[in-house]
Structures are given as structure tokens and as C-alpha cells.
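Inspection log for the structure reproduced underneath, given as C-alpha cells.
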Amino acid sequence: MRIIETIKELRQWVADTRAAGSTIGLVPTMGFLHEGHMKLVSTAKDENDAIVMSIFVNPAQFGPDEDFDRYPRNMARDTQLAKDAGVDVIFAPSVEEMYPRQSAITISAGRLAEQLCGKSRPGHFDGVLKVVTKLFHLVQPDKAYFGQKDAQQLAIIESLADDFNFPLQIRRVGTVREEDGLAKSSRNVYLTEQERKEAPHLKKALELGKQAALAKQDPVAVMTDYLRDHTSGKIDYIQFLSYPDLTEKVEGDAILALAVQFEKARLIDNLLFTVKGN
Ligand code: PAF
């Protein structure tokens, strides 16, 4: 496995790999790898000849009061995990390599960022689009892999690829969970012991909400009561929307999503399911 830190070297590897007729799968990450990332890699390995994993904690997607500086990082452990999983290249650029100067051009997630996490994290998805656009141009993958746990991010990236004719496929990979139902996330390490015990109730709340939604009841009310009774976290949002277009008129494919702020960790989770017509 190669670790590449410069755009020049990456471009050379991409040119050589393409010239050899190999397909490329891209797994974008911010590192501190867990089984969710490993599932992205194993799915990518089934569908491509060569795998590039980017590891880059992207400052453009963190707000001024967010956790960019303390975001968990462990390059030595990530390198070993990626190597064991069969990744061919880790692309781990510095911030200066990715963003050598202030960009004059910005990309906006627009309407899709007005719901869910976009409401409480202004600019976050614009920052995601900035780095993902650069990664798509640099790696030129045939397919790129994103987890369903970040369902709004996934919807926005699908729209980016579609609206701007990126010559690649966006692949959705299901959420990986702990045995007790907690969705795997690099930020779970911020949870206190007590919060970790409460965190599986997020998935339970989603299941109750799904039952309510399918029975044509209001999932938000049911979930709010459940979460208030079972966790000490502050509910940031609970929303039931169409998916992937994220409008409030829910018909067909839907997302039920929540975000709960614990002392140091803001956890998100969601379920995607189909609602039959009224
Ligand atoms: O999902 C993430 O880890 C990040 O948002 C991504 C897609 C790697 C962009 O920095």
C-alpha cells in the first residue's frame, strides 16, 4: 500500500493506473477509521480493481465553534487498518496541499442544506462539496463510496454528481452498528460512560418513529417523548422527509432522521424506508 501526500504524485498514480486499464474506487474519509469505513472499503473492493482511501480532516466543513482541532486522529492505526483491508493508496494531503490559497469560487449545497444537519451547521455541506469535488477531480474514480449514516451528505453528493455530470457512480453503503444498535461513528469516543449507555436509544427512537410513520401517525412526537425519557442529550432535530430530495411532502422513499447533542458528542442517525401512498 502506498501513502501519497501530494497532488502531483497522486495524479501520476491515477494516470498509471488508468493506463493499465484498472478501475478505481474512492473511499473518502476523515480518518479515525471504524467498521463503517471498513464496510465502504470491502464494498469498493468487490467492485473495482484499485482502491484509494482519502484521509483528510477537512477544515472547510467545520464551523468556527466545532471540533476541527480536537477531531480524533490516529494515522498509524488508520494506515494499518487500511493496509489490512486491502486499500491500494491512502491519499493524505496536508491542508496547504488541498487548499493552497483562499478559493474565489464557492459551491453551495443550496436547498438540500436547509433541512436536518444543514440547519444547525451552516456552511458544513458547502465545505463537504468543496473537498469532495476536488477529490473527484484528483482521483477520477469510477465509483465513490459513502455511508448511509450521513444520509443528508449522501443525498447532496448524489445531487452534485448528477447536476454537474461527474463521470462516476455514487454508491450508497448501509450503516454499520454496534451490537446494541448505536451507529458507528468516529465521534462516539467523545461519549461519557453514562451517555454511551443512553446512546442506543437513538436507534430505538427511530424504530418507534418508523412504526408511527407507517401507521400514518406523527413520528416526531413519539420520538421526542421517547428520547426525553431515555437520554440526557438535547434533541437538535427529528425530521421526517422525502429522500433523497429532502422535501416535507413524504411519499415513497423517506428518511426519518435525528441529531442529539450530548455533552461533547453530537450524534446523528436515520432510517430510510418507503411509505405507501395515502
Ligand atoms: O463523511 C466524511 O467523513 C466527510 O464528510 C467526507 C465525505 C470524507 C468529506 O470530508
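Order of listing sets the numbers, starting from 1, for every ligand and every atom in it. Remember, predicted model here, so these are calculated numbers, not experimental data.
- Applying the salt bridge (Lys or Arg N to Asp or Glu O under 4.0 Å) rule to D78 yields no partners; only residues at least two apart in sequence or on another chain are considered.
- Counted by atom type alone, Y99 and N58 present one or more donor-acceptor pairs between their side chains at under 3.5 Å.
- Judged by the 6.0 Å and 45° rule, R77 forms a cation-pi pair with F32.
- Polar contact check, Q153 against ligand 1: a nitrogen or oxygen pair lies under 3.5 Å apart.
- With ligand atoms numbered from 1 in the order given, ligand 1 contributes 9 (C), 10 (O) to contacts under 4.0 Å with heavy atoms of V131.
- Of all the atoms in ligand 1, the ones that sit under 4.0 Å from a non-hydrogen atom of Q61 are 4 (C), 5 (O), 9 (C), 10 (O).
- Atoms of ligand 1 lying under 4.0 Å from at least one heavy atom of P28, given by number and element, are 8 (C).
- Where the criterion is an N or O separation shorter than 3.5 Å, residue side chain and backbone included, T29 fails it with respect to ligand 1.
- Residues T23 and D142 bring no donor and acceptor atom of their side chains to less than 3.5 Å of each other.
- Taking the ring centre of Y190 as origin, the terminal cationic atom of R70 falls inside the region bounded by 6.0 Å and 45° from the ring axis.
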